[in-house]
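Read the numbers this way: they start at 1 and go in the same order the structure lists the ligands and their atoms.
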Amino acid sequence: MTSTQQHLTPVDPARLTEVLDGRWAHVRRDARDQLGEQKYAPVYGETNAEARERITGLLKDLAATGRTRLGFPKAYGGEDDAGASVTSIEMLAFGDLSLMVKAGVQWGLFGGAVQLLGTERHHAAHLRKIIDADLLGCFAMTETGHGSDVQQLRTTCTYDPDTQTFDLHTPHESARKDYIGNAAKDGRMAVVFAQLITQGKRHGVHAWLVPIRDEAGNPVPGVTIGDDGPKAGLNGVDNGRLSFDHVSVPRDMLLDRYGQVAEDGTYTSSIENETRRFFTMLGTLVRGRVSVGGSAGSATKLALQIAIRYGEKRRQFAAPGEDREIVVNDYLVHQRKLLPALATSYALHFAQEELTSTMHDVQGAETVDEAAQRELESRAAGLKAANTWHATRTIQMCREACGGQGYLAENRLPALKADTDVFTTFEGDNTVLLQLVAKGLLTGYQDSFGSLDSWGKAQFVADLVKETVLERTAARGLIARLVDAVPGRDEEVSLLDRGWQLKMFEDREKHTLEGAANRLRKGAANKSNRLFDVFNDVQDHVLRTATTHIDRVVLEAFVAAVDRTADPAARALLAKLCDLYALTTIEADRGWFLEHGRLTPARSKAVTSTVNALLKELRPFMTTLVDGFAIPDAWVQARIVTEEGPRQEVMAAEDARVRAAAAPGDSAVDTPDATAVDLEMAPAQ
Ligand SMILES: Cc1cc2nc3c(=O)[nH]c(=O)nc-3n(C[C@H](O)[C@H](O)[C@H](O)COP(=O)(O)OP(=O)(O)OC[C@H]3O[C@@H](n4cnc5c(N)ncnc54)[C@H](O)[C@@H]3O)c2cc1C
């Protein structure tokens, strides 16, 4: 399939759902069946205390559905299915996002850390209780002073062989644990990250399982618990602060899969390098990051579903000579807002599905493939950033696309906006995550462990790959065939040629990567430059390598999904949507393509006219495309979706009645003078 100049025919949305549901279709179907109850829908106007109480109750209900055990080991009642657990969280994000986040903290972060950083004794003692929500816990990594650079945490945990205990201590306010989910109200234990010190030597950040509240819910001696108070959203999540005043932690509470302390205080680890050890530990926790990206995707699909369904019924301004006003989805600029975002949501969905699958396979493999693990972490970081930024922008756009209605809580969009806002920050600040992606690309995933800070100082400039090789994606064979088949000179190739589109994305990534590498090399060659400045002077360029890389990965995932779509009508529709994703991405960055001679001015203009033509073709399929997401009606919870249609019909019927009853020539019932083409608007509206 090199060209998509096909005529579209009606599509059954179920055929789209089949492609979207992918490898964990059964998990998605179960979620639609199990979680459709009204109690999982968001509630507006609650106090913080009410929201927290309700969400804690729902957390227990969720445990009773059995969905919370999917990612845990079979030996403790789980199903050993990492992909299913991430997909399940993603589905939960169609409901109240506070519940999704609280579940993510309990089973993804807290449970995940006990499972993946702990050993047999920790599993035996705690995993069943964690799965059943009988033990609620926290993941206490971030400190007030260190969020992105967690290798520099200041909390210490010092071993004393005489008592065989650790002394956990918060030396100052910057070392206080902050924003910690489950801390302010519910958590009984916390996985606390701190600098391990034994026999007078520091061994870097490790994690301990630490009780923070007693049975009655009071803080245990030495632990001070604070509340982060009202937030911009996620009011059902009890984020709080934790400080430790020389709290005694038994030796066996160290989560010691990657580093052990013997009775006499001798430290051992299979990973000698401290930085490498820390990033290996963090790498095992990639599930949380994957879940946040997927959940942002769900919230965005929901917003698009609301805006597109409303836009299908909402009418504003009349067309000259017509009785009824124009449906807002018929306006080109409305399509310009909604359809490219919808295309991006499809594209990101397929990339996310591929990521979940890779994560499942890498984590489930018998032997650890370090290169695959590093690529997985990079892909998870990049797609988390892409998905969450797309969510923030698109939900705001959908809010505006619904006009004043979009601002009302009863129409869901304000909560979607407020609750997903922080997704760009937690589980890794997006800007910092992009640097992680860029680092992998620039070092060719060589063994170059280091924090982002030390990356600026360390060897990496010398390690830069001599030849830029694009990181492969699952669809590499298919992509290579399409790119190789591009005929003739660029200007002669159709903008709808898939191979040409792919080549444009590849080319931009390769050029950007090589340019960044060259600039870093040049900067490093000048010995008087501080290495930090070498890095910092090209930081924007370095980040562009990450975004251009992610764009390509996402396009390739979309192309692969089109290729595996069996139903011909659905396949043609997805191919067209893929064109829209590719061309609007090129259009948005046309400055680069023009500057670098990849587009002539004439061809650049043709991109815009082709996008507009695609919008026209896709216009009749807007609702089909959102129906493909198969979001149950019970989850949508936006009154405008159901109320605007009947309201418009009543008004139209009344208008028709008035018209029929009017005397001939009565100007009061003629089509209004000011129509959609007159651009009249009353002042001070
Ligand atoms: C609601 C909420 C819930 C949370 N839940 C938890 C939890 O349960 N457990 C937990 O441990 N943590 C949690 N966090 C903390 C979260 O992970 C951190 O807020 C996040 O990692 C960012 O750290 P920071 O807030 O210190 O921001 P900073 O790291 O201070 O970043 C501030 C700004 O500086 C920029 N910046 C930083 N470094 C660089 C750089 N090298 N180059 C360029 N720019 C840079 C960033 O892009 C950002 O714009 C939560 C946070 C929130 C808000």
Problem - Any Lys177 heavy atom less than 4.0 Å to ligand 1 - result: no
Practice task
Just let me know how Val422 lines up against ligand 1, side chain, backbone, both or neither, with a heavy-atom cut-off below 4.0 Å.
Solution key: side chain
Problem - Side chains of Thr512 and Arg544, donor plus acceptor under 3.5 Å - result: no
Practice task
Examine Asp178 against ligand 1 and note whether any of their N/O atoms are separated by less than 3.5 Å.
Solution key: no
Fill in the blank from the handout: So the atoms of ligand 1 within less than 4.0 Å of a heavy atom of Gln435 turn out to be 40 (C), 41 (N), 42 (N), 43 (C)
Exercise for the section: Apply salt bridge (charged side-chain N to carboxylate O under 4.0 Å, His left out) to Lys510 and Glu514, showing your working. Expected result: CA-CA 6 Å; Lys510 205 158 184 282; Glu514 281 167 357; 3.5 Å; yes
Practice task
Give yes if a backbone or side-chain nitrogen or oxygen of Phe139 is under 3.5 Å from a nitrogen or oxygen of ligand 1, and no if not.
Solution key: yes
Handout entry: Subset of ligand 1 atoms that lie under 4.0 Å from at least one heavy atom of Gln539
Key = 42 (N), 43 (C)
Practice task
Please determine, by modelled atom types, if Tyr159 and His203 share a side-chain donor-acceptor pair under 3.5 angstrom.
Solution key: no
Exercise for the section: May I ask you to say whether Asp256 pairs ionically with Arg121, meaning some side-chain N is under 4.0 Å from a carboxylate O? Expected result: yes
Handout entry: Pair Arg508 + Asp551: basic N to acidic O under 4.0 Å
Key = yes
Practice task
Output yes when the distance from some N or O of ligand 1 to some N or O of His146 is under 3.5 Å, and no in every other case.
Solution key: no
Practice task
Output yes when the distance from some N or O of ligand 1 to some N or O of Ser148 is under 3.5 Å, and no in every other case.
Solution key: yes
Problem - Gly181-ligand 1 polar pair, N/O distance under 3.5 Å - result: yes
Handout entry: Result of checking Lys177, Arg241, Arg154, Arg176 against Glu143 for salt bridge (Lys or Arg N to Asp or Glu O under 4.0 Å)
Key = Lys177
Problem - Atom indices of ligand 1 within 4.0 angstrom of Met141 heavy atoms, with elements - result: 11 (O)
Problem - Nearest option to atom 20 (C) of ligand 1, as decided by whichever heavy atom of Val432, Asn536, Thr425, Asn430 sits closest - result: Thr425
Problem - Any side-chain donor near an acceptor of the partner, Glu509 and His549, under 3.5 Å - result: yes
Practice task
Classify the side-chain pair Asn387/Gln352 by whether it contains a donor and acceptor separated by less than 3.5 Å.
Solution key: yes
Handout entry: Polar contact flag for Phe426 and ligand 1 (N/O pairs, less than 3.5 Å)
Key = no
Practice task
Quickly, which of Asn430, Thr424, Asp421 forms a side-chain hydrogen bond (donor to acceptor under 3.5 Å, both in side chains) with Thr388? Name it, please.
Solution key: Asn430
Handout entry: Any side-chain donor near an acceptor of the partner, Thr119 and Arg257, under 3.5 Å
Key = no
Handout entry: Close-contact set for ligand 1 against Thr431 heavy atoms, below 4.0 Å
Key = 47 (O)
Problem - Residue Gly147 vicinity, atoms of ligand 1 by number, heavy atom under 4.0 Å - result: 21 (O), 23 (O), 24 (P), 26 (O)
Exercise for the section: Return yes when Asp429 approaches ligand 1 closer than 4.0 angstrom through a heavy atom, no otherwise. Expected result: yes
